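Let me begin by presenting the structure, written as structure tokens, before commenting on it.
This is a predicted model, so every value here is computed, not measured.
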Amino acid sequence: MAAFGGLGLRSELPQETAGRQPPRPSDPGRFVRTSENRLLRESWIALSLLTVVLGIAVGEIVISLVGSGVFVAGWLARLWGRLALSRLDVAQELSQDHAFVGESIRYRMRISNRKLLPLPWLSLRTEMPEALPPLGRNLEPIGTPKMGRLDRLTGLRWYERLTWEYTIPLNHRGYFAFGRTALRAGDLFGFFTRERVAPTALSLWVYPPILPMEPLGLPTLRPMGEERGADPLFDDPARLRGLRDYQTGDPLRRVDWRATARRQRLQTRTFDPASSPSLLLALNVATMPEAWQGFYGELFERAVAVCASLATAYADARVPFGLVANCTYPGRDGTIRLPMGRAESQMIRALEALAMVDVYAVAPIERVLQEETRRVPQGSSVALVTSIMTPALVVALADLRHRGLPVSVVWAGTDDPPRLPAGIPVHDVRSALAGRRFYQPFAPGIPADAPEMFDRPPGDGADGMSERRESLGSRWQRREEPPS
């Protein structure tokens with residue numbers, strides 16, 4: 001197998017026989033639409049028979065032989081076209097399916113012709129993310145939003161395998177899916193062709209950059225500073241101690257109904273006290289007061305990077321935290337929500353969710369906070385990362401504070417931070433972000449083909465992200481589906 005390189009095309013004989021993929025119907029859309037000479041393809045029988053009859057009528061055996069040869073050649077070409085895509089396997093691979101902004105990955109496609117019939121020509125059209133073009137290649141536009149098309153033309157001998165390898169620089173954070181591959185092949189002259197769409201299941205998570213906490217000046221383990229809560233200890237619902245008889249004042253949600261039915265008297269679950277406070281990390285993806293006003297891609301990416309840095313810091317410190325955002329997962333309904341937890345996989349889930357966040361808010365952040373704070377354990381604090389502040393959001397934060405929830409705001413905007421009611425601290429990170437530039441690939445006014453879409457200060461490049469990825473150790477587990 002060819003080693004990963006910049007860009008190469010290698011031919012090799014297959015060592016193992018791959019499983020045959022069932023044929024797929026061709027897509028009638030722009031993705032696989034082609035033009036053919038249907039007149040020659042559909043009239044060859046009539047023309048050849050007419051030539052044979054004409055040769056017999058005029059007594060010229062040569063004309064009849066020519067017509068017979070055309071008839072036989074047409075049938076062979078038709079059979080060739082019908083069998084062109086049979087036993088033809090397509091496989092796509094990524095060197096890694098999770099990475100940080102600023103790194104590069106390798107994309108590889110392998111075509112295997114597992115039959116005696118050679119292919120004089122084979123056309124391949126692969127859907128790829130428009131924001132991630134391979135080095136040295138241009139993507140053709142197609143009808144699918146945010147997707148482009150990579151075209152290739154080659155030929156295959158019998159039992160031959162071809163492998164293409166491309167380098168893809170990851171200049172944009174996001175969740176990307178590599179789409180279908182349309183195959184088109186036929187006879188030597190191109191009169192009889194077949195088309196098939198090969199499915200794929202390749203997904204790529206590009207995580208936002210992780211910023212060091214020291215320059216940000218954020219209190220990692222004490223988001224509320226040195227403020228002391230009203231109650232010194234709170235029960236941790238994740239640490240079950242045992243059961244006891246129900247007592248007046250016990251919440252009904254702690255009643256164990258199975259144990260109650262078994263012992264014939266009400267039983268209440270008891271929990272150990274929380275060893276450390278939990279935190280709800282909230283991300284406001286809106287960058288304008290109203291959705292119809294549009295968005296600022298740079299402000300949005302600033303907030304995402306700060307939120308990812310906080311989530312990583314809390315995961316490293318083993319502090320229980322959850323994550324909410326007022327946008328939705330790609331192709332799903334509802335807002336992004338990650339329940340409280342401090343497992344080793346919590347940071348991976350958080351980074352995956354932040355890789356998939358979109359700039360379009362589906363709900364006001366104040367409504368998301370009101371709904372999510374009803375689920376958090378008692379004694380939890382709330383840290384809101386935002387780049388704008390609206391009057392409705394100020395009222396919502398004051399209401400949370402009035403209910404006894406410690407609330408803090410991490411200000412990622414470019415203007416001066418707002419004045420909030422007493423008891424709601426504001427952490428301004430503008431000075432730490434002053435030397436950085438953040439771009440959203442499809443933001444208005446930002447060219448999608450900019451050579452460098454993410455700039456960093458010296459000493460904080462892709463190597464730093466690689467060190468971060470290597471330090472995750474066993475926690476870096478790839479999951480089959482996005483978090484629900």
Looking at E127 and R180, does any basic side-chain N land under 4.0 Å from a carboxylate oxygen? yes
Geometric cation-pi criterion, R152 with W164: 6.0 Å, 45°: yes
Stepwise side chain to side chain contact (heavy atoms under 4.5 Å, CB included) test for C307 and L323: CA-CA 9 Å; C307 190; L323 174 67; 3.7 Å; yes
Between Y360 and F295, is the gap from one ring center to the other below 6.0 Å? yes
For residues 319-329, the salt bridge (Lys or Arg N to Asp or Glu O under 4.0 Å) pairs (sequence neighbours left out) are none
Taking the side chain as every heavy atom from C-beta outward, state whether L132 and L170 have any atom pair closer than 4.5 Å. yes
Flag for E366-N326: side-chain donor and acceptor within less than 3.5 Å: no
Would you call E352 and R349 a salt bridge, using N to O less than 4.0 angstrom? no
Would you check, one step at a time, whether the test side chain to side chain contact (heavy atoms under 4.5 Å, CB included) holds for L85 with L122? CA-CA 9 Å; L85 296 182; L122 174 65; 4.3 Å; yes
Do M356 and T328 have side-chain heavy atoms sitting under 4.5 Å apart? no
Salt-bridge test for D151 and R137: reply yes if a basic N is under 4.0 Å from a carboxylate O, no otherwise. no
Ion pair present between E372 and R337, side-chain N to carboxylate O less than 4.0 angstrom? yes
Just checking, any donor-acceptor pair under 3.5 angstrom between side chains of Q370 and R403? yes
Any side-chain heavy atom of Y107 sitting closer than 4.5 Å to one from L202? yes
With A398 via side chain to side chain contact (heavy atoms under 4.5 Å, CB included) - residues at least two apart: P421
Does a salt bridge link D415 with R430, judged by any charged N lying under 4.0 Å from a carboxylate O? no
Inter-residue atom distance L283.CG - I365.CD1, 0.5 Å rounding: 7.0 Å
What do the steps show when you test V376 against M340 for side chain to side chain contact (heavy atoms under 4.5 Å, CB included), and what is the final call? CA-CA 7 Å; V376 299; M340 289 280 185; 3.8 Å; yes
